[in-house]
Amino acid sequence: MSRRYDCSDAQDRASGLREAATAIRRGELVVVPTDTVYGIAADAFSPEAVGALLAAKGRGRNMPSPVLVGSPTTLHGLVTDFSEQAWELVDAFWPGGLTLVARHQPSLRWDLGETRGTVAVRMPLHPVVLELLNATGPLAVSSGNKTGGPSPSTCDEAQSQLGDAVSIYLDGGTADYGTPSTIVDVTGKVPVVLRAGAIGVEQLREVVPDVEAGS
């Protein structure tokens, strides 16, 4: 049976964050508010938990889960060959609606799906999920909807799609953007936009003029 916590109430928020962190450590799933859309979260270093996340969404391993972090400094332990342009994008848009696809450290023992040696990573701009990330470390987080369903901008929308597959729902109100993050591939010499989203291409080019819009 899922439990839901109203994060606009200080006591409920504290209880919810504590229960959510405990659920993550047990390998269970949690729905969290972010600045873009609501996300479904699991321990990034538990293959079983990530597998449960993909199953809850009805998603195959060919669509691996992104990872959320609570600080840009966490990148040092997760990625390699991170370019100066990539750091400039981090400095300009994190925390915020920008996901970067980078090469992950080969020593990491995780299984996010068929990543081909890369990881999609983002630092969200939302106090509730940042507090959870600071308690748990990096989390595998994907939009809190069934594959093919609408991306949820409220906790109700996420819960109506995911139901009891999720242990804890943290209700943080309506997501600011209601639009998924922009995804940029920084594994090559020139950053390439893979998915348009919360951050526009022209905004990216104000920081890194070489950014390509992708096909």
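Bear in mind the structure is a predicted one, so any value in this text is a computation, not a measurement.
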Given side chains that start at C-beta, do those of T22 and E28 come closer than 4.5 Å, heavy atoms only?
no
So which heavy atom on V67 is nearest to which on A44, and how close?
CG2-CB, 4.4 Å
Check whether any side-chain heavy atom of M123 sits under 4.5 Å from a side-chain heavy atom of P72, and report yes or no.
yes
Hydrophobic cluster identity match, I199 and L125, side-chain contacts under 4.5 Å
no
Is a donor on one side and an acceptor on the other found under 3.5 Å between the side chain of T136 and the backbone of A21?
no
With side chain to side chain contact (heavy atoms under 4.5 Å, CB included) as the criterion, how do L98 and L204 come out once you've worked through the C-alpha distance, each side chain's angles and the decisive distance to 0.1 Å?
CA-CA 9 Å; L98 177 66; L204 298 171; 4.0 Å; yes
Taking only residues two or more places apart in sequence, or in another chain, which ones meet R4 in a side chain to side chain contact (heavy atoms under 4.5 Å, CB included)?
C155, D156, Q159, Y169, D171
Got a second to check how far D43's CG is from R25's CZ, nearest 0.5 Å?
10.0 Å
Indicate, with yes or no, if F45 and V32 share a hydrophobic cluster defined by side-chain heavy-atom contacts under 4.5 Å among Ile, Leu, Val, Met, Phe, Trp and Tyr.
yes
Distance-only, no hydrogens or angles: does the S65 side chain make a donor-acceptor pair with backbone N or O of L112 under 3.5 Å?
no
Do you know which two heavy atoms are closest between V37 and S151, and how far apart they sit?
CG1-CB, 3.9 Å
State whether a side-chain donor-acceptor pair under 3.5 Å links T99 with S181.
yes
Atom pair OG1 (T74) and CG (L68), whose distance is rounded to the nearest 0.5 Å
11.0 Å
Could you pull out the closest heavy-atom pair between L29 and A42, with the gap in Å?
CD2-CB, 3.7 Å
For the CZ atom on R103, are there more than 12 heavy atoms of other groups (residues, nucleotides or ligands in this structure) within a distance under 6.0 Å?
no
Are W94 and W87 joined in one hydrophobic group, where the rule is that I, L, V, M, F, W and Y side chains link up if heavy atoms are under 4.5 Å apart?
yes
Show your working on side chain to side chain contact (heavy atoms under 4.5 Å, CB included) between H104 and V121 and close with a plain yes or no.
CA-CA 10 Å; H104 71 68; V121 64; over 6 Å; no
Drop me the distance from L170's CG to S15's OG, to the nearest 0.5 angstrom.
11.0 Å
Taking all non-hydrogen atoms of both residues into account, name the closest pair between G172 and H126 and its distance.
O-NE2, 3.9 Å
Quick one: are L54 and R61 in side-chain contact, heavy atoms under 4.5 Å?
yes
Given side chains that start at C-beta, do those of V119 and W110 come closer than 4.5 Å, heavy atoms only?
yes
Could you state the interatomic distance from CD1 (I40) to CG (L53), rounded to the nearest 0.5 Å?
4.5 Å
Under a 3.5 Å distance rule, please check whether K57 uses its side chain to pair with a backbone N or O of A52 as donor and acceptor.
no
Calculate, to the nearest 0.5 Å, the distance between atoms CZ and CZ belonging to R13 and R18 respectively.
13.0 Å
Quick one: do R122 and D35 satisfy side chain to side chain contact (heavy atoms under 4.5 Å, CB included)? Show the steps, please.
CA-CA 11 Å; R122 181 170 91 88; D35 47 336; 3.1 Å; yes
Minimum-distance pair of heavy atoms, taken over all atoms of P191 and Q85:
CD-OE1, 3.2 Å
Candidates L100, T118, V79, D81 - the one meeting side chain to side chain contact (heavy atoms under 4.5 Å, CB included) with V186:
L100
One pair to check against side chain to side chain contact (heavy atoms under 4.5 Å, CB included): Q105 and T80. What are the steps and the verdict?
CA-CA 6 Å; Q105 293 280 1; T80 186; 4.1 Å; yes
Which atoms form the tightest heavy-atom contact between T36 and A198, and what is the distance?
CG2-CB, 4.3 Å
State the OG-CD distance between S167 and E19, to the nearest 0.5 angstrom.
10.0 Å
Pairs involving residues 182-192, ordered by first then second residue, that meet side-chain hydrogen bond (donor to acceptor under 3.5 Å, both in side chains) (sequence neighbours left out)
D185-T187
Does any N or O in the side chain of S143 come within less than 3.5 Å of the main-chain N or O of N145, such that one atom is a donor and the other an acceptor?
no
